[in-house]
Amino acid sequence: MTRSAADLDPDDLGFEHTPETDQSFENALAKARDGVRLTVDDAVELLTTGSDAPGIDRERKEAVLEAADRRRAEVVGDEVTFVANVNNNVTTACNTGCLFCNFKDTAHQFEADYDDQHAGFTKTPAESRAVVEAAVERGVYEVCSVSGLHPGFALNDEHHEILAGYDDAAKAVNYKPPAAYATDPGTYVEQIEAMSVDGVHLHSMTPEEAYHARRGTDWSYEAVYRELADAGLDSAPGTAAEVLVDEVRDVICPGKIDSQGWVDAMEGAMAAGLDTTATIMYGHVDNEMHRALHLREVRDLQDRTGGITEFVPLSFVHERTPLYEHGVVSGGASDAEDELMIAVSRLFLDNIENVQTSWVKYGDAKALKTLSCGANDFMGTILSEEITKRAGGSFGEFRSFDDYVDLITSVGRVPVERSTDYRQRRRIDPDDGPPFGPTLGPQADGTPLLSERERAERAGEAATADD
Ligand SMILES: C[S@@+](CC[C@H](N)C(=O)[O-])C[C@H]1O[C@@H](n2cnc3c(N)ncnc32)[C@H](O)[C@@H]1O
Ligand SMILES: Nc1c(NC[C@H](O)[C@H](O)[C@H](O)CO)[nH]c(=O)[nH]c1=O
Ligand SMILES: N[C@@H](Cc1ccc(O)cc1)C(=O)O
Ligand code: SF4
């Protein structure tokens with residue numbers, strides 16, 4: 001049975017790992033500056049600006065940020081990349097119950113005989129395809145699709161048969177036949193086929209979703225990802241990582257696969273030939289030792305695979321989440337913690353080229369600051385955002401190419417449109433416009449993604465929603 005937030009004692013979460021080391025801050029900083037591979041203890045010293053004293057020391061923090069900024073310049077230069085993408089969340093139905101998440105809606109509300117209104121949604125494969133087609137027509141060339149673990153979801157027809165064969169399948173394998181629901185999401189393979197529109201890059205199926213796509217079977221992650229790749233999947237998002245230390249997962253996402261399960265799924269995706277990304281979702285109950293252990297897990301995985309194209313620190317958005325509402329946490333990470341998380345990711349992950357900063361989580365001002373703390377990628381246009389918005393985030397759902405060019409040039413860096421895998425890149429000369437639009441997609445001819453009128457309408461809607 002999963003624990004609820006109400007049962008947790010915020011003053012004693014029973015953690016064994018604490019941010020204490022025998023290393024000194026000065027030694028750790030010297031190693032970081034010299035480009036020596038960092039240990040977990042080094043990372044803790046840098047993240048805490050010295051574990052021997054409480055709080056963050058301003059001067060020491062600046063020294064860490066500077067070292068990370070220098071490393072970023074050496075590794076990737078002055079280019080700041082971004083991608084023309086659309087988010088398509090297929091369903092919010094999910095019974096996993098992660099305590100940091102307000103994206104999900106419990107699945108019984110989606111059942112055909114449920115009478116009350118609810119705020120969730122499920123898209124059929126045809127509806128997902130329509131979203132992608134409309135975006136591709138505008139010039140988008142990446143679809144990022146992450147979803148709730150709908151009990152009616154299965155990999156394919158064979159998977160449906162296996163799951164339906166279980167006694168008490170709802171309890172045993174989190175399964176109910178799609179006919180029980182008002183809207184049938186189709187199979188994972190059908191959703192992937194549907195979203196795989198003319199040459200678009202499909203970035204989907206987190207490790208947790210891949211687990212759901214093989215639950216109740218003895219199929220390997222590699223086999224599942226191969227079948228999805230055959231259906232049109234191009235790369236897998238390394239979300240669901242949260243913090244890869246099981247004592248933290250036991251508190252914030254006890255219903256999820258454990259750290260080893262996440263690593264196994266990622267290895268399966270890469271064995272199937274897919275690129276992946278990796279993330280950390282920090283700033284809740286985790287401490288700096290947890291963050292450092294997470295970074296080591298990711299670096300080890302990359303040493304073994306080489307298939308991780310970017311690392312994305314995702315700062316916990318707390319406002320409307322069970323963790324916050326039940327007083328387990330009193331807020332998210334501070335600005336200093338955010339800056340240090342980006343910087344130490346850059347310094348520690350010597351085998352991952354790109355560190356992404358998320359304007360969804362940080363807002364533009366802080367995201368711009370992080371571009372001088374080690375980050376070099378500025379995410380994508382996304383066109384829609386549900387996860388952060390539902391958790392209480394308020395930084396919007398769209399950034400245009402014009403916004404990107406303005407923001408990036410305002411901090412003296414070079415705006416570069418990239419493909420998902422970073423192999424295709426186009427440097428943008430700010431003197432050539434505005435307006436700017438994507439050029440790397442199958443239907444991208446440089447026209448802005450949204451017309452002036454559509455942008456004004458969206459801005460108006462956002463202003464009304466804030467009132
Ligand atoms: C909402 S899930 C969707 C995909 C799938 N259900 C899963 O868990 O892998 C995607 C990711 O969003 C992030 N997320 C969810 N709630 C968040 C919050 N309140 N603040 C920051 N990130 C959040 C988590 O890192 C999570 O893994
Ligand atoms: N950081 C966030 C992302 N990042 C995903 C990227 O936009 C892109 O899909 C990836 O870099 C692969 O090219 N997406 C979100 O929806 N929210 C974020 O906070
Ligand atoms: N969709 C995830 C973020 C994400 C998705 C894909 C990535 O590759 C990276 C990050 C979120 O909103 O939290
Ligand atoms: S993070 Fe994913 S698995 Fe967890 S509750 Fe949210 S949607 Fe479900």
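Atoms within each ligand, like the ligands themselves, are counted from 1 in listed order.
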Undergrad: Is there a nitrogen or oxygen of Gln356 sitting under 3.5 Å from a nitrogen or oxygen of ligand 2?
TA: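 Yes, there is a polar N/O contact under 3.5 Å.
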
Undergrad: Using a 4.0 Å heavy-atom threshold (strictly under), name the region of Ala391 that reaches ligand 1: side chain, backbone, both or neither.
TA: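 Side chain only.
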
Undergrad: For Ser384 and Asn87, which I'm curious about, is there any donor-acceptor pair between the side chains at under 3.5 Å?
TA: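 Distance-only check fails for Ser384 and Asn87.
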
Undergrad: Would you call Ser315 a ligand 1 contact, heavy-atom distance under 4.0 Å?
TA: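 Yes, Ser315 has a heavy atom closer than 4.0 Å to ligand 1.
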
Undergrad: Where is the tightest heavy-atom contact between Gly332 and His318, given as atom of each residue plus distance?
TA: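 Smallest heavy-atom distance, with atoms named: N-ND1, 3.4 Å.
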
Undergrad: Out of Lys104, Lys256, Arg390, who is nearest to atom 1 (S) of ligand 4 when you count heavy atoms only?
TA: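 That would be Lys256.
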
Undergrad: Tell me which protein heavy atom sits closest to atom 4 (Fe) of ligand 4, plus the residue, atom name and distance to 0.1 Å.
TA: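 Nearest neighbour among protein heavy atoms for atom 4 (Fe) of ligand 4, to 0.1 Å: Cys98 SG, 2.3 Å.
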
Undergrad: Counting heavy atoms only, name the option from Thr206, Ile252, Ile257, Thr92 that's nearest to atom 7 (C) of ligand 1.
TA: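 Checking each option, the heavy atom nearest atom 7 (C) of ligand 1 is found in Thr206.
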
Undergrad: Run down the list Met281, Glu208, Glu242, Lys361 and name the one with the heavy atom closest to atom 26 (C) of ligand 1.
TA: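 It is Glu242 whose heavy atom sits nearest to atom 26 (C) of ligand 1.
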
Undergrad: What part of Cys94 sits under 4.0 Å from ligand 4 if we count only heavy atoms: the side chain, the backbone, both or neither?
TA: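 Under 4.0 Å from ligand 4, Cys94 contributes side-chain atoms alone.
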
Undergrad: Is ligand 1 under 4.0 Å from a heavy atom in the side chain of Lys256, in the backbone, in both, or in neither?
TA: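 Near ligand 1, Lys256 shows its side chain, while the N, CA, C and O stay back.
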
Undergrad: More than 12 foreign heavy atoms under 6.0 Å from OH of Tyr324: is that the case here?
TA: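 Incorrect, the count does not exceed 12.
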
Undergrad: Against ligand 2, does Arg418 come closer than 4.0 Å with any heavy atom?
TA: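 It does, in that a heavy atom of Arg418 comes within the 4.0 Å cut-off of ligand 2.
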
Undergrad: Among Glu417, Gln356, Glu310, Arg418, find the residue that satisfies the side-chain contact (heavy atoms from CB on, under 4.5 Å) test when tested with Thr81.
TA: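 So, applying the side-chain contact (heavy atoms from CB on, under 4.5 Å) to Thr81 and each of Glu417, Gln356, Glu310, Arg418, only Arg418 qualifies.
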
Undergrad: Taking the six-membered ring for Trp, are Tyr114 and His118 parallel (under 30°), tilted (30 to 60°) or perpendicular (over 60°)?
TA: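 Plane angle over 60°, so perpendicular.
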
Undergrad: Mark up the atoms of ligand 4 that fall under 4.0 Å of a heavy atom belonging to Phe100, in ascending order.
TA: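 Result: 1 (S).
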
Undergrad: Determine whether the aromatic ring centres of residues Tyr404 and Phe82 are separated by less than 6.0 angstrom.
TA: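 Ring centres of Tyr404 and Phe82 closer than 6.0 Å.
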
Undergrad: For this output row, return yes or no: ring centroids of His160 and Tyr175 closer than 6.0 angstrom.
TA: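 Yes, the ring centres sit under 6.0 Å apart.
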
Undergrad: Which of the atoms of ligand 2 are close to His203, meaning less than 4.0 Å from one of its heavy atoms?
TA: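 Under 4.0 Å from His203, ligand 2 has these atoms: 9 (O), 12 (C).
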
Undergrad: Checking a contact table here: which protein heavy atom is nearest atom 6 (Fe) of ligand 4, and how many Å away?
TA: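 Checked against all protein heavy atoms, atom 6 (Fe) of ligand 4 sits closest to Cys101 SG, 2.4 Å.
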
Undergrad: Should you measure from each heavy atom of Phe103, which atoms of ligand 4 turn up under 4.0 Å away?
TA: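 Close to Phe103: 7 (S).
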
Undergrad: So do Phe153 and Tyr188 actually touch side chain to side chain, heavy atoms under 4.5 Å?
TA: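 Yes, their side chains come closer than 4.5 Å.
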
Undergrad: Determine whether a donor-acceptor pair (N or O, by modelled atom type, separation under 3.5 Å) exists between the side chain of Glu267 and the backbone of Asp264.
TA: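 It does not hold such a pair.
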
Undergrad: Can you sort out which atoms of ligand 2 are near Val312, meaning under 4.0 Å from one of its heavy atoms?
TA: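 Reading through ligand 2 atom by atom, the close ones are 1 (N).
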
Undergrad: At a non-hydrogen distance cut-off of under 4.0 Å, which region of Asn85 contacts ligand 2 (side chain, backbone, both, or neither)?
TA: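 Under 4.0 Å from ligand 2, Asn85 contributes side-chain atoms alone.
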
Undergrad: Got a donor-acceptor contact below 3.5 angstrom from the Arg249 side chain to the Lys256 backbone?
TA: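 Between the backbone of Lys256 and the side chain of Arg249 there is no qualifying donor-acceptor contact (under 3.5 Å).
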
Undergrad: Hey, does Cys101 come in under 3.5 Å of ligand 1, counting only N/O atoms on both sides?
TA: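 No - when backbone and side-chain N and O of Cys101 are compared with those of ligand 1, no distance drops under 3.5 Å.
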
Undergrad: Applying a heavy-atom cut-off of 4.0 Å, say which part of Leu314 lies close to ligand 2: side chain, backbone, both or neither.
TA: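 Under 4.0 Å from ligand 2, Leu314 contributes side-chain atoms alone.
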
Undergrad: Out of Glu310, Glu397, Glu386, indicate the one that has the non-hydrogen atom closest to atom 11 (O) of ligand 2.
TA: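 The nearest heavy atom belongs to Glu310.
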
Undergrad: I'd like to check whether Ala240 has a polar contact with ligand 1, where a contact means an N/O of the residue lying under 3.5 Å from an N/O of the ligand.
TA: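 Yes; the residue has a nitrogen or oxygen that sits under 3.5 Å from a nitrogen or oxygen of the ligand.
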
Undergrad: For the residue pair His294 and Phe311, categorise the inter-ring angle as parallel (less than 30°), tilted (30 to 60°) or perpendicular (more than 60°).
TA: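 The rings of His294 and Phe311 sit tilted, inter-plane angle from 30° to 60°.
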
Undergrad: Need the ligand 2 atom indices (1-based, order shown) with element for anything under 4.0 Å from a heavy-atom of Gly380.
TA: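 The atoms of ligand 2 under 4.0 Å from a heavy atom of Gly380 are 7 (O).
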
Undergrad: Which one holds for Thr388 and ligand 2: side chain close, backbone close, both close, or neither close, with close meaning a heavy atom under 4.0 Å?
TA: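 Thr388 to ligand 2: no contact under 4.0 Å from either part.
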
Undergrad: Would you say Glu142 and Thr420 are linked by a side-chain donor-acceptor pair, where the criterion is simply a distance under 3.5 Å?
TA: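 Indeed, the side chains of Thr420 and Glu142 share at least one donor-acceptor pair under 3.5 Å.
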
Undergrad: Pull out every atom of ligand 1 sitting under 4.0 Å from any heavy atom of Phe316, numbered as shown with elements.
TA: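 It comes down to these atoms of ligand 1: 19 (N), 20 (N), 21 (C).
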
Undergrad: Parallel, tilted or perpendicular: which one describes the rings of His159 and Trp219, with boundaries at 30° and 60°?
TA: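 Rings of His159 and Trp219: tilted, as their planes differ by 30° to 60°.
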
Undergrad: Indicate whether any N or O donor in one side chain lies under 3.5 Å from an N or O acceptor in the other, for Ser315 and Asp338.
TA: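 Short answer, yes.
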
Undergrad: Mark up the atoms of ligand 2 that fall under 4.0 Å of a heavy atom belonging to Asn87, in ascending order.
TA: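 Listed by number with element: 16 (O).
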
Undergrad: Does an N or O anywhere in Ser147 fall below 3.5 Å from an N or O of ligand 1?
TA: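 N/O-N/O distance under 3.5 Å: yes.
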
Undergrad: Side-chain contact, heavy-atom cut-off 4.5 Å: Val197 with Gln443?
TA: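 No; the side chains remain at least 4.5 Å from each other.
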
Undergrad: Can you name the atoms of ligand 2, numbered from 1 with element, that are less than 4.0 Å from a heavy atom of Cys144?
TA: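 So the answer, numbered in order with elements, is 9 (O).
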
Undergrad: Which option, Leu99, Ile387, Thr388, owns the non-hydrogen atom nearest atom 12 (O) of ligand 1?
TA: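 The nearest heavy atom belongs to Ile387.
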
Undergrad: Tell me whether ligand 4 is touched by Glu242 - counting only heavy atoms on the residue side and a distance under 4.0 Å.
TA: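 Outside the 4.0 Å threshold, so no.
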
Undergrad: Nearest to atom 8 (C) of ligand 2 by heavy atom, Met379, Glu142, Lys361: which?
TA: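 Comparing heavy atoms across Met379, Glu142, Lys361, the nearest one to atom 8 (C) of ligand 2 lies in Glu142.
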
